[in-house]
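In what follows, a structure is listed as structure tokens, so that the remarks can point back to it.
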Amino acid sequence: MDSESLPDNVIPQDIMLQINEPEDNLQTKKHSKSLIYNHFTLNEINNKYNCNYCNKSYKVAEDGSTSTLWKHFKGKHNELYLEVNQITKALNKLEISQSLAFT
Ligand SMILES: [Zn+2]
């Protein structure tokens, strides 16, 4: 019996979680406060953002982009990032789901 059924070897690829980061495409004059600033502290002396959770600091981007900060936050403090992301989503939806609690 020669079965020619070749198994489809699907090579698992690294699936990166693609989470939409807030974009600063709108060039508004207003200085919109990003959620990321809750997790970084601006050091006005050397114009750097210090991470609240580790010793990393990043220079303030000239265009005010926070992507570098988000990248660090997502990469190094992923649990916190996901938490923030969930909160953001929850706030956007304004959905309160009541879960049954085990008693
Ligand atoms: Zn950090």
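The model shown is predicted, which means the values in this text are computed figures rather than measured ones. Counting starts at 1 for both ligands and their atoms, following the listed order. Sequence positions, counted from 1, serve as the residue numbers for this chain.
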Exercise for the section: Using the test side chain to side chain donor-acceptor pair (under 3.5 Å), find all partners of H72 that sit at least two apart in sequence or belong to another chain. Expected result: Y58, H77

Problem - Atom pair CG (N85) and CG (L80), whose distance is rounded to the nearest 0.5 Å - result: 12.0 Å

Handout entry: Test item: Y37 and T66 side chains (from C-beta on) under 4.5 Å apart, heavy atoms
Key = yes

Problem - Residues that T41 engages under side chain to side chain contact (heavy atoms under 4.5 Å, CB included), provided they are two or more places apart - result: N52

Handout entry: Reference residue V84; test side-chain contact (heavy atoms from CB on, under 4.5 Å); the match among K89, E79, H39
Key = H39

Fill in the blank from the handout: With a cut-off of 2.8 Å, strictly less than, protein N/O/S atoms near the Zn ion (ligand 1) add up to 4

Handout entry: Sequence-distant partners of N55, side chain to side chain contact (heavy atoms under 4.5 Å, CB included), two or more places apart
Key = none

